[in-house]
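Notes to accompany the following structure.
We use all heavy atoms of the structure for the numbers below, so side chains are in, but hydrogens, waters and symmetry mates are not. Proteins get letters first, then strands, A, B, ... in listed order; numbering begins at 1 in each. All values derive from a computational prediction rather than experimental measurement.
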Amino acid sequence: MNRDQINKFLSGVPVHVIVILTMIVWIVPTLGLLITSFRPSQAINNSGWWTAFSRPSAPSTPSAAVMPRFTLDNYIDALVGYRGRNTYRSDCQAGTQALDLKCNLSDLLNPRGMGRAFINSLLVTVPATILPILFAAFAGYAFAWLHFKGRFVMFAVLVGLQVVPLQMTLVPILRLYAKLGLNGTFLGVWLFHTGFGLPYAIYLMRNFLGSLPSDLFEAAYMDGASHWTVFRRLVIPLAMPAIASLGIFQFLWVWNDLLVALVFLGGTTPVMTYQISNMVTSLGAGWQLLTAAAFLSMLLPMIVFFSLQRYFVRGMLAGAVKG
Amino acid sequence: MAAQNIPKIMKQGRWIPWLYLLPALVVMSFFIVYPMINTIGLSFSNRDGTASAATTCIAGNPCWGIFENYRYALTAEFDFSSLGDFWKSLWKSSFGNNIKWIVLMTAGTVGVGLAFAVLADKVKYEALAKSILFMPMAISFVGAGIIWKFVYDFGTQRIQIGLLNAIITSLGGKPVPWLSAPNLNTLMLIIVGIWIWTGFCMTILSAALKSVPDEILEAARVDGATEWATFWKITVPIIMPTILVVVTTMVINVLKLFDIVYVMTGGNFGTNVIANRMYAEMYKNFNAGRGTAIAVILVLTIIPFIYFNIKRFLEQEAIR
């Protein structure tokens, strides 16, 4: 074969094989989690999840014969925070449920369940996304289009601040919060996430706003508009793509965070990540609960991610690639 | 760039800019600047910040005075009885582990990310392929920890429910307790990190690859260069700035990494890393002095990369 044919072959089949193989390797672990979350615990512990779709040759025990292959019980147990040895539904039917469960719809809000944790995660994430965007829009506008002393130096410092690790600030903030009574409060977490999200957010907003044509602003000012009017009528609408990117970025970051929730909120108002890490470390909960709980926590981020992928990627690329 | 030539008509007052900056500046000073200074101060004190670190010295043991917390942070994990013992203890320590993480995870994510970006570019289902690789970034590290803990599951009965051990036993091997096997377990954790972050590197590198002008590549091919040569001698040098940015970003991320180790092993079995050690000293041993000293050491290791980031920013500004 001559060089051209070799080149063509090499860009053909082997490429497809490698790409598809990599895709399979990448998605299989998550698939395993998903399938397992729908299996009853006896099935999980006695057979690999990859056998879930094939018929077993012969049931080993009579109970195995009547055991369903797939079930929603794990999700129900995870949502209500069930910690017993059977399932929530069987316990409620037998009347042997735990003291904190009432066997009615109010159990969905049980503090130990993922349902309540979902609400807590929302309560933490939404304000912690809106606040930084708001502050960053103001500051980004100032850095991009307003005159003030030390503008350049401050922005350079801001760039450096982006990489400061959380750990560097946890201790003093914790003590400060203790004095101010903000420990264990949502406000404390909102402010912390805002503080930490701001350097990157301002960087993004400033770059985006700075790339808008200056004639736009000149025209507005010549018409006698004040900074505030320009900000409100011109900047915010034009900055929507950047705001969208930032919003998704910050949303995913805060939703998936563990450390901040662990340190500042703790177990009083657990978020989803905290609830799961608790299940792993202290209780050693069975795989049926862990997989369902993990998938519940992944549901919203995945929906957000897949539907708004374009904006997420755009936010990431801003400032990383030249041109 | 337009931002530098702010029209004169926009100079509408000395105080207005500060009004716009104020909320952000206040919050950042409170939550980043003040704590950083405070943390450094605490690292020179005892466990609850009431006295100097020198007071925690134990008679008869080496003591670094006010740097006592740093002495602990830097040497407590090592065995100094002999060179061989020191070498072994180095690789079991959090510092040794972080070195493994930095080298392997950065190489893995950037290498696989770049390779996949190149290959995916050649197939029609590129968007789907990139989505799948990128998806792990949407889930939390905790979720990823659980997914992979399940893959690594080690059972003592005949049936293996962990995917990896099932593959090994079906090929005739013996199952391995991945998360507690010395040396191997850190590698297994790093694989999780690579699984999560490769999508990030791939996305940025793919954008960079697509920005390489087609004419240059065409010219090379017309001159008879192979794909391999074109890639290494033309493409890579052109996207080198982006590669460097990705590498530094990954190193910084690796150094701050906490969740994966926390959820999968809790830092036990010799998998401890700096970020987890800091957490343990602060919230399990309640020793503020030592915890903050470890945090400061963490930041010191990141500083070269901060410097690089700022330098790159200044270079970009010059072009604007």
Side-chain angles (χ1 to χ4, degrees), chain A residues 7 11 15 18-19 22-23 26-27 29-30 32-33 46 48 135 138-139 141-142 144-148 156 159-161 163-165 167-169 171-173 192 194-195 198 202 210 213-214 218 221 227 252 256 258-259 273 276-277 280 290 294 297-298 301-302 305 313 316-317 320-321 323, chain B residues 2-3 6-7 9-12 16-17 20-21 23-24 27-28 31-32 35-36 38-39 42 116 119-120 122-123 129 132-133 138-140 142-143 146-148 151 159 161 163 166 203-204 207-208 211 227 242 245 252 256 258-259 263 275 278 282 288 292 295 298-299 302 306 309-310 313:
Chain A
N7 268 349
S11 355
V15 172
I18 297 179
V19 171
T22 312
M23 283 163 70
W26 237 259
I27 207 172
T30 313
L33 184 93
N46 289 313
F135 291 2
F138 284 126
Y141 177 61
W145 292 109
L146 301 181
H147 268 301
F148 55 95
V159 172
L161 283 183
V163 300
V164 172
Q167 290 87 346
M168 193 60 174
T169 63
V171 178
I173 300 276
F192 190 90
T194 304
L198 272 177
I202 299 180
S214 69
E218 274 193 45
Y221 283 109
H227 278 302
L252 288 180
N256 289 329
L258 171 63
L259 189 54
T273 46
I276 300 176
S277 76
V280 174
L290 277 176
S297 78
M298 283 164 39
M302 291 225 277
F305 170 72
V313 170
M316 253 178 45
L317 290 178
V321 179
Chain B
I6 301 182
I9 199 164
M10 288 175 70
K11 286 193 183 184
Q12 281 186 5
I16 305 244
Y20 280 84
L21 287 172
V27 175
M28 284 195 293
F31 285 91
I32 309 184
M36 265 180 72
N38 200 317
T39 295
L42 273 178
F116 197 80
L119 292 177
K122 300 183 197 280
V123 298
I132 290 189
L133 244 76
I139 66 184
S140 64
V142 178
I146 302 228
I147 291 179
W148 283 88
V151 171
I159 308 253
I161 60 175
L163 186 61
T203 305
I204 298 187
S211 71
E227 289 291 325
T242 307
V245 169
I252 294 173
K256 298 200 277 177
F258 165 80
D259 306 44
V263 166
M278 187 249 162
M282 269 310 306
T292 49
L298 182 62
V299 174
I302 292 185
I306 300 181
N309 257 10
I310 298 190
F313 161 71

Identify which one of A/Phe148, A/Trp145, A/Tyr141 satisfies the side chain to side chain contact (heavy atoms under 4.5 Å, CB included) criterion when paired with B/Tyr20.
A/Tyr141

So for B/Leu298, is it side chain, backbone, both, or neither that comes closer than 4.5 Å to the heavy atoms of chain A?
side chain

Please determine, among A/Thr30, A/Ile18, A/Ile27, the option with the most heavy-atom pairs under 4.5 Å with chain B.
A/Thr30

Contact class of B/Ile147 relative to chain A, heavy atoms under 4.5 angstrom
both

Could you check which of B/Ala295, B/Pro23, B/Pro35 has the highest count of heavy-atom pairs closer than 4.5 Å to chain A?
B/Pro35

Do you know the tightest heavy-atom contact between B/Val142 and A/Ser277?
CG1-N, 4.1 Å

Non-neighbouring partners of B/Ala275 that pass side-chain contact (heavy atoms from CB on, under 4.5 Å), sequence neighbours left out:
A/Gln167, B/Phe258

Restricting to non-hydrogen atoms, name the atom on B/Val151 and the atom on A/Pro29 that form the minimum distance, rounded to 0.1 Å.
CG2-CB, 4.0 Å

Is A/Ala139 in contact with chain B via its backbone, its side chain, both, or neither, using a 4.5 Å heavy-atom distance?
both

Indicate the atoms forming the closest heavy-atom contact of A/Pro301 with B/Ala138, along with that distance.
CB-O, 3.2 Å

Which atoms of B/Thr292 come close to chain A, meaning under 4.5 Å heavy atom to heavy atom: side chain ones, backbone ones, both, or neither?
side chain

Considering all heavy atoms, the nearest B/Ile132-A/Trp26 contact:
O-CD1, 3.8 Å

Which atoms of B/Leu133 are under 4.5 Å from chain A, going by heavy atoms: the side chain, the backbone, both sets, or neither?
both

Heavy-atom contact with chain A under 4.5 Å, split by part of B/Ala129:
both

Please identify each residue that fulfils ring pair (Phe, Tyr, Trp, His ring centres under 6.0 Å) with A/Phe135, with sequence neighbours left out.
none

With chain B, which of A/Ala156, A/Gly48, A/Gly32 has the greatest number of heavy-atom pairs at distances under 4.5 Å?
A/Ala156

Checking B/Ile139 against chain A: side chain, backbone, both or neither under 4.5 Å from a heavy atom?
both

Taking it one step at a time, do A/Leu146 and B/Leu21 satisfy side chain to side chain contact (heavy atoms under 4.5 Å, CB included)?
CA-CA 10 Å; A/Leu146 301 181; B/Leu21 287 172; over 6 Å; no

Side chain of B/Asp259, backbone of A/Leu259: donor and acceptor closer than 3.5 Å?
no

Chain B heavy atoms under 4.5 Å from A/Leu252: which part of the residue, side chain, backbone, both or neither?
side chain

Interface moiety of B/Met36 toward chain A, non-hydrogen atoms closer than 4.5 Å
both

Test side chain to side chain contact (heavy atoms under 4.5 Å, CB included) applied to B/Ile32 and A/Ile173, A/Leu161, A/Leu198, the passing residue
A/Leu161

